[in-house]
Structures are given as C-alpha cells and as structure tokens.
Engineer: 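I have a structure I would like to understand better, so I am pasting it below and will then ask my questions one at a time.
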Protein chains: 2
Amino acid sequence: MAATPPRPLTLRDVSEASGVSEMTVSRVLRNRGDVSEATRAKVLEAAKSLGYVPNKIAGALASQRVNLVAVIIPSLRNMVFPEVMSGISAVLEDTELQPVVGVTDYMPEKEERVLYEMLSWRPSSVIIAGLEHSDASRAMLAASGIPVVEIMDTDGTPIDAMVGISHRRAGREMAQAILKAGYTNIGFLGTKMPLDHRARKRFEGFTETLAKAGVEVMDQEFYSGGSALAKGREMTQTILERTPELDFLYYSNDMIGAGGLLYCLDKGIDVPGQIGLAGFNGVELLDGLPRKLATMDAMRTEIGRKAAEIVAALVEDPDAEIDRIVELTPKVAMGETLKKR
Amino acid sequence: MAATPPRPLTLRDVSEASGVSEMTVSRVLRNRGDVSEATRAKVLEAAKSLGYVPNKIAGALASQRVNLVAVIIPSLRNMVFPEVMSGISAVLEDTELQPVVGVTDYMPEKEERVLYEMLSWRPSSVIIAGLEHSDASRAMLAASGIPVVEIMDTDGTPIDAMVGISHRRAGREMAQAILKAGYTNIGFLGTKMPLDHRARKRFEGFTETLAKAGVEVMDQEFYSGGSALAKGREMTQTILERTPELDFLYYSNDMIGAGGLLYCLDKGIDVPGQIGLAGFNGVELLDGLPRKLATMDAMRTEIGRKAAEIVAALVEDPDAEIDRIVELTPKVAMGETLKKR
DNA sequence: CTGAAAGCGCTAACAA
DNA sequence: TTGTTAGCGCTTTCAG
C-alpha cells in the first residue's frame, strides 16, 4: 500500500486512473449528459477505489451555482429554532438544496457578521429569523440578489418574502381568552430581552387588548439567563408575594410558565381556579407536566416547511408566482390552566 | 440610481471604483501585507459604497484554505448537541475558524452522505459525534488528510483524536452508587435505539457492575418518539404495574427520568425512600423540578470546548504536540432521588 | 458519446 | 508599497 498522498485527489487523478478524460469523469460523477455504460462503470470504479471526493469549491466557482441555503437564527438552545430547522430540512431533503446554519445569539452585530460570512459563500438563498435587522444587514440582503425569506414574524414589511405568525395578534388573542375567562388581575412574566422583538410584539398586542377592556397589567417580572424552569418558579414566587391579588399570570414562554405551574402546585394554589396561567410556544417537550399549560402554538415546524418551500420554488425559478407573504394563524390552546366558561 | 446589477460584484469592480489594482484591493480586504493608509481608505470606501461582499469560493480555491470546521452530530432536537455546539462556538469564536453543522438523524447512511457533502467543501477539520461509523465514513475521514476529532465517547479507538467521557464507566459508577445506597430491585428505562451506542455502553457498564454484585436488572422498558416527559410517565407506570417490587429506576436520559419523577410524585410514591430514580445527562433545563433528579453530567459544553481547542491547535500546526485522547470524568450527582447513606 | 479549450474570482509568488 | 502573472479544480461551451 502506497503512502497516503498528502495532496487531496482531483478529477485528474480519477481521469488518469480510469483512462477517461476529466470532462467525461465530471459528467459521470454529476450524472450529466450521456455517457456510455462502459465508461461510466470504469469511472465510478476508479473514483470509488481512490476514495475521490469532488471539490465543490472548484465546482461552484466554475458553475456559478451553490446548493446552499443560509439559515440564520438567534440560537440553537431555544427549542424553537431546532424545530424550525426540522421543518426546513424536511423540505429541502427532497431537493438539491442544503441548509447551513448561522447563529446570531440575538445580537444584531453578530447577525451582521454571520450574514456577511454566509453571503460570501454565495448561497442560493437566505432564510433569516425576524424582520428587524441592522441597516447594513438589510442592505446586504437586498443587494445579494438571491431569494430572502424572513421567518417567525409577520408584523412588518419583508425585504423579499416572509413566513410566520403575527405576534401582536397572538398577544391580542391570548388577552381575549383570559378576559373572557373572567380574569382581571393580570401579571406578565418574561425575558429581559430588549432585542426579542417577537416577545415585545406579543406583549404590545396583549396590553392593547386589555386596555380596550379597561384592564391594565397589574405587575411584571423579568429574568435573564439560567434554567427557565427554575426561573419560572422564582419569578412566580416573587411576583405573587409582591402582588397577591394577581389572578392570572401570562408568561412569555412555556418553560417559565411550566416553572410557574410547578410552583403554584407546590404551594397548593388552585390552578386555574385561584390563579390562571398561560405561556407561549406550544412546546411538545412539556407534555407530561401534572397539568397542561394554556399556550399558543408558534407553528415552528410549519414555518420552517413553508419557508423552505418558498426557497425551493424561487431557486428553481426566480420568477415563480408564489405568495411571498405567508401568515399562519395559531389558536389559543386552553390547556388546563385557564378557566373554561 | 442605476438599476441593480444582476451580476454579483467582484474584486474588479472595487478595483475600478477605487483606481487600485485588484491585488491591492484584495490585500486591503484581507488585512494582508503592507498597504498605505491612503489606498487602504480609498479601497474600503469603494468596497463599502458598492456593497461588495468577497467571494469566498474563489478565495478558497485560490488559497487552498477554508476556514470551516465541519461538525457532524445526530440531532439538534436533543438538547445535548446544541450544548456541545455552544462549547465549540465559544472556542472557535476567538479564531478564524467557523463551525458548520451537519445532522445525521442517528442514521449511519445519512452520516455518510452528510460527511461526503461536507468534505466536498474541503473544511479545515471535522468534529464528529461518536466512534461508530460506517467503513466508508471512516475511510473518507482517514483519507481526508485533515484533523478529525470524534466526540462524546471514549470507549473505543479514534481515527485521529477523541474527546468525551467513558459511557461504560458512567454506567458502572451509577450502578455502584445505586448498590451502595442499598437498592437491589433495579429497572432500566431507555430509548428503543439500537444505534444509540452511548446509551448501549452505559447500559453495558451498568449491568456489568450489577452482575459483579450478583444483581440483575429486574425489568426493562423502552420507548421511541413523542414527548420524553410524557413517555417517562407512561413507561414508569407500565414498568411499575408490571413489576411492583422494583425499588430503583435507571433512565437513559434525564427527560424521561423527570417524567418518571413526576409520575411517582403524582402517585404519592416516596422518592427516594420507596423508589429511587436516576437519569443521565445533567440537563440544566430540569432545574426547577419538585425534586432534583440524580444524574450524571455528560460534560457536553466541556467536550465541545476541548474538541474545538484541539481542532484550533491542529489547524494552526498539524504537528502540534497535544493530547489526542481526552477523557473527561463526570461524577454522579446524587440529587434528591437517590438515598444517601 | 467524448474531448479540448477557456475561464469562474480570487490569491501566491514574484517583480518592480 | 504596489502591480503582474499564473494558476487553484472544476464546468461551460463548442468541436469532433
């Protein structure tokens, strides 16, 4: 056995090993154009035995085509985004396209860097979370000349296309459900995240609807970092001790809501009789809690699928006539922590 | 304003706009070589105003260098892997290197495809979960000529380098802790995953140590799919109804363990008096449960960090003298579901 | 069905 | 400090 060549193999190596021109080897390896069964077999055999892996960098440069879709999301640790990714992957799996993830950690400057980095690989398209971006980011996206799908949120104007839910509306609908159930002393618990625009919009929609009914949020509590479940417990304790009159707690996500629920159950508080609870997201993860938390599905997987479908269509045909604005409409899931009436 | 050029900008455009040669523009944009402050400013100005984004494909082809690290993991939906990713990102952030994720869905054939795809972009290095790969995958990795770090598991022989914990040992140590606490009627609950080698190894270590003490696993229960918390509940009910003598339940992950815990508390079972419980992973997510589950930290973030450090060192200098085998040693966290004595 | 020539956009290496 | 010349490994295009 010869020493492993330090130089990566090239088409030329396969060409020499098989006695077929580079061009024809390339054809075989890409299944393009007509090649006789005989040469085809020879080439495949040579490529395999050499362990040849094509160089996509050279291929992409020559063909001016890159089968990558840049997916830019705030975090992987928030279950929401891996679920969006599943939706995207599931759809792209049936195409030539491949998702490549970039993470921004909820920071606009990092988003800008990641975006620049990804665009410099000339992806076929971009899927990016949110509608709020720095001017530079928007400029890059607009100038890229490729399809751009902004996801998660539809409260705003997309650069090119968007798929998501209206978080304002989500907030409004939850407020309606809560008011309808007869709760009026309402507290809000959320993340200390000025940059979480979607949470902000939900809160705005929420307070707007309450205001129309003459109700104001009675108390609020925010957290950052740490285990959401534990934080949910702590915050709930804090807010209830500070404002015992509260009869409903609206959490900005299900994890802290679950923590709150566990706290209330621990304390023997009657949920939803004495206090009602609701979260947001509809995470399957929590099925199995002692009581099912009221929530609202953020339709994560569906958003991923839809976005990927748009991307696939647009990459195939940039002039495809498709809806570039897709607003999905989640419903309140009453669970068992919101009174029925 | 002129119509947006459909053709992406090239170095040449910046060169013409700034009246500086392409080569010098390239130098400025990469901060390489000496360039006078005057030309530098001119170039930067031109690049910015045009909105030029360099083409890394061409750059990589010309320089034969790609600053990407391929990270290949089974799933993003299992919290374990996003945490490993954090560790990797945190370390690579201080380097030129960039992680790119590929997901295998726990399927060897998909691993092979993903690996092939990623290697065809000629990354500087590969970080891949597990020590078990198809022959083809191993061959590709070995032939790639780049540093390969296998992570999570150290029970086996790496292709090049490995960072992880010994899952056999983890199983043995948990068994010891359980025996020491005086439990003898032990049940095992896990995932129905023939391909989860690490869970398998834990189980092997576990039974091995029990056997030495003349103890056998009394009953087992497996699941697949669905919400782990809910499944944990169901499985626990099933196994306890089938084998009421059980006095300890060892779960292959914390989520199902948490489900089991909630079930037991619901039923008024004395934990850890009547029945002891333990999981695996040490997920922070669960802090905030009514009782702290006994578990064993899989050291996910640390594994990511270490792997990234090795990669960074080896990319910098392929002959760097570093440990290529790093076994981290987690400890049993007794929590509140394992008797003390 | 197969091959030869001419780049893709950039950078290494060398010259000025 | 700046510019010129050759490719990087592949695919497009055009000939056979």
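Note that the structure is a prediction, hence the values are computed from the model and not measured. Atoms considered below: every heavy atom in the structure, side chains included; atoms not considered: hydrogens, waters and symmetry mates.
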Engineer: Which sits closer to the 5' end of DNA chain D, G33(B) or E22(A), going by the nucleotide each is nearest to?
Structural biologist: G33(B)
Engineer: Give the rounded distance in Å between these two atoms: CZ of R12(A) and P of dT11(D).
Structural biologist: 15 Å
Engineer: Any salt bridge between K306(B) and E309(B), counting N to O under 4.0 Å?
Structural biologist: yes
Engineer: Can you tell me if S21(A) touches the phosphate of dA4(C), counting only side-chain N or O atoms and a distance under 4.0 Å to OP1 or OP2?
Structural biologist: no
Engineer: To the nearest Å, give me how far apart CE (M23(B)) and P (dT2(D)) are.
Structural biologist: 12 Å
Engineer: Just to confirm, is there a sub-4.0 Å distance from OP1 or OP2 of dC8(D) to any side-chain nitrogen or oxygen of S63(B)?
Structural biologist: no
Engineer: When you check the gap from the basic side-chain N to the acidic O, do E109(A) and R113(A) get nearer than 4.0 Å?
Structural biologist: no
Engineer: Calculate the interatomic distance between L29(B) atom CG and dC10(C) atom P; express it in whole Å.
Structural biologist: 9 Å
Engineer: Expressed as a whole number of angstroms, how long is the span from I57(A):CD1 to dG9(D):P?
Structural biologist: 10 Å
Engineer: Take atom CD of E327(A) as the centre, draw a 6.0 Å sphere, and report whether it contains more than 12 heavy atoms from other residues, nucleotides or ligands.
Structural biologist: yes
Engineer: Tell me what R122(A) touches on the nucleic acid: a base, only sugar-phosphate, or nothing, going by heavy atoms under 4.0 Å.
Structural biologist: nothing
Engineer: Using only side-chain N and O atoms of Q64(A), determine if any of them is under 4.0 Å from OP1 or OP2 of dG9(C).
Structural biologist: yes
Engineer: Decide, yes or no, whether a salt bridge links R65(A) with E96(A) under the criterion of side-chain N to carboxylate O below 4.0 Å.
Structural biologist: no
Engineer: When the distance from CZ of R65(B) to C1' of dT11(C) is rounded to whole Å, what number comes out?
Structural biologist: 9 Å
Engineer: Side chain of A58(B) only, please: which of dG9(D), dC10(C), dT11(D) is the nearest?
Structural biologist: dC10(C)
Engineer: Please check the phosphate of dT2(D) (OP1 and OP2 only) for any side-chain N or O of T39(B) closer than 4.0 Å.
Structural biologist: yes
Engineer: What integer distance in Å separates W121(A):CH2 from dC10(C):C1'?
Structural biologist: 12 Å
Engineer: Using whole Å, report how far CG of L11(A) lies from C1' of dG7(C).
Structural biologist: 16 Å
Engineer: May I ask you to say what N55(B) touches in the nucleic acid, namely base, sugar-phosphate or nothing, with a heavy-atom cut-off under 4.0 Å?
Structural biologist: sugar-phosphate
Engineer: Strictly below 4.0 Å: does S26(A) bring a side-chain N or O up to OP1 or OP2 of dT11(D)?
Structural biologist: yes
Engineer: Looking only at N and O atoms, is any donor in the side chain of R27(B) or the base of dG3(D) less than 3.5 Å from an acceptor on the other one?
Structural biologist: yes
Engineer: Is the shortest side-chain N/O distance from T24(A) to OP1 or OP2 of dT2(C) below 4.0 Å?
Structural biologist: no
Engineer: Is any side-chain N or O of Y52(B) closer than 4.0 Å to OP1 or OP2 of dG9(C)?
Structural biologist: no
Engineer: May I have the distance from R32(A) (atom CZ) to dT2(C) (atom P), rounded to whole angstrom?
Structural biologist: 17 Å
Engineer: Compare every heavy atom of A90(B) with every heavy atom of R305(B), then report the nearest pair and how far apart it is.
Structural biologist: NH1-CB, 3.8 Å
